[in-house]
There are 2 protein chains.
Amino acid sequence: MTGRRNSSRERILVNAESIILEKGFHATSINDILDKSAITKGGFFYHFDGKPGLAVALVERYLVQDDQLFAELTEQAEALSEDPLHRLLIFLNLLAELFGRLPETHPGCLVASFTYENQLLNEDVRQLMQQGLLSWRQMMIDKLERAGGAYAMKGDVSIETLADMFTAAIEGGIMLARNFGENRYISEQVLAYRAFVRMIFGADQPDSLRPDSLRPENPVRKS
Amino acid sequence: MTGRRNSSRERILVNAESIILEKGFHATSINDILDKSAITKGGFFYHFDGKPGLAVALVERYLVQDDQLFAELTEQAEALSEDPLHRLLIFLNLLAELFGRLPETHPGCLVASFTYENQLLNEDVRQLMQQGLLSWRQMMIDKLERAGGAYAMKGDVSIETLADMFTAAIEGGIMLARNFGENRYISEQVLAYRAFVRMIFGADQPDSLRPDSLRPENPVRKS
DNA sequence: CCTTAAACTGAACCGTAAGTATAGTTCCCG
DNA sequence: CGGGAACTATACTTACGGTTCAGTTTAAGG
């Protein structure tokens, strides 16, 4: 029973997300979505409780996918090093590479998009978005704290703010990327954030001063 | 002749900006704007070439105001120190303080808002937005290069990316602030960026190692 | 004061978009 | 093969949003 249901429902979600990221939620008409999804209005309203319902479903889906992506990258990073700081730095490298490898059409972040269209997004959506931001923060806090266990932190930036800065770098990078039409900016901002983390944990000292595991981890050339 | 004209036109722009930043451009109807501006539809269309024309005027105005703000802060910072790096750090402090002092209603950035509503924004608007981003980048490149003249730069982040990171920090901070309903996040991200700049220019070394002018410049307590 | 252009009013117009209603059709699962 | 879930097709309501325009008011100069 889920086979058929999911195919149409999922198709709608995929297309809706892509159109909305391009034009914005309010500017996207249901008909726009129907055209690209090979489904009729009846079908749409069968699956979703109107446009507000669609918004909820979209954000839910988006957050799940995002979680999965971060989990995968974390796993990959953990396979490549034992050191917590090293793992974090690799994670950021992998993420930067991923953003650089994206197809020409830069995606954008649903949460960011919805942030500036607070109008009819009901309370559900707003809570989901907060939850998403909090989960990203928590993920980074975990990574940073683990790294902090092994190395002393320099600078006077709180771990929470440093964690939020991860989100800020990505969202800021996406904004630059969208306006200039080049994905490169996202990777650059992620790598800049990475450089900051490195410095904070003292990993930018001469090699002689830091543990063996921290030597030049797969360096990423900058543009 | 400009007296009368400007009063209405300006009133429309002010109200339009505030509503648009709250709900988004597309979700903001002309009627919404009229209600708050004490003017009729005819009056609106007398002043602006429809909604697209309003968008152009809004962004133009926004960029000018932004330029002025940055110029003021730069001037203030230059009055407080001779050292280029010191000036930059003060500038960032002033900006962070300003964001923290804002009225409860967090504003948002028109450029960011329009970034995710690329639909009917004509080419003019898009070019203006790019121009704005480029001018912010250039402003920071100037400041960073001047600072770089006096101190050696550490880390492997290009000046351009570091300059863009200023924008990214602010936009990211605004996004967090909007979602959590607390302006604090903007200041925090600006101060985190400041900490990064400090580290890159080696200003986080023990006092004994750096020029006198760099000692604890008006410290801002973090949350 | 009178003219004239700028500034503005008010109402009408038209497309479009969200949502509803309904009757019928196809597909899959037990 | 029966029945419910997953749709199609079509028509319609309702309302709102952008735009136009003919006419009226305001202010400023000669």
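Proteins come first, then strands; the chains are lettered A, B, ... in the order of their sequence lines, and each starts at number 1.
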Atom-pair distance (CG on L54(B); C1' on dG17(D)), nearest Å: 14 Å
Nearest-Å distance for atom pair CD1/P, residues I12(B) and dT9(C): 9 Å
By side chain to side chain donor-acceptor pair (under 3.5 Å) - contacts of T40(A) (at least two apart): none
Distance in angstrom units between E10(A) CD and dA6(D) C1', rounded: 16 Å
Aromatic plane relationship, F166(A) with Y193(A) - under 30° parallel, 30 to 60° tilted, over 60° perpendicular: tilted
Any side-chain donor near an acceptor of the partner, K51(B) and T28(B), under 3.5 Å: no
Separation of dA6(C) P from I39(B) CD1 (nearest whole Å): 16 Å
Parallel, tilted or perpendicular, as decided by the 30° and 60° cut-offs, for the rings of F196(A) and F196(B): tilted
Phosphate contact (dA7(C) OP1 or OP2) by Y46(B) side-chain N/O below 4.0 Å: yes
Integer-rounded Å distance: dA6(D) C1' and F48(A) CZ: 13 Å
N/O (side chain, S8(A)) to phosphate O (OP1/OP2, dC7(D)) under 4.0 Å: yes
Interatomic distance where CZ belongs to R9(A) and P belongs to dA5(D) [whole Å]: 16 Å
Intermediate values then yes/no, side-chain hydrogen bond (donor to acceptor under 3.5 Å, both in side chains), N93(B) and E97(B): CA-CA 6 Å; N93(B) 258 349; E97(B) 266 171 29; 5.8 Å; no
Where protein sits on nucleotides 13-19 of chain C, one letter per nucleotide: B base, S sugar-phosphate only, - none, heavy atoms under 4.0 Å: ----SBB
Sugar-phosphate, base or nothing in reach of A38(B), heavy atoms under 4.0 Å: nothing
Parallel, tilted or perpendicular: ring planes of Y185(A) versus F180(A), cut at 30 and 60 degrees: tilted
H47(A) vs dC7(D): side-chain N/O to OP1/OP2 distance below 4.0 Å: yes
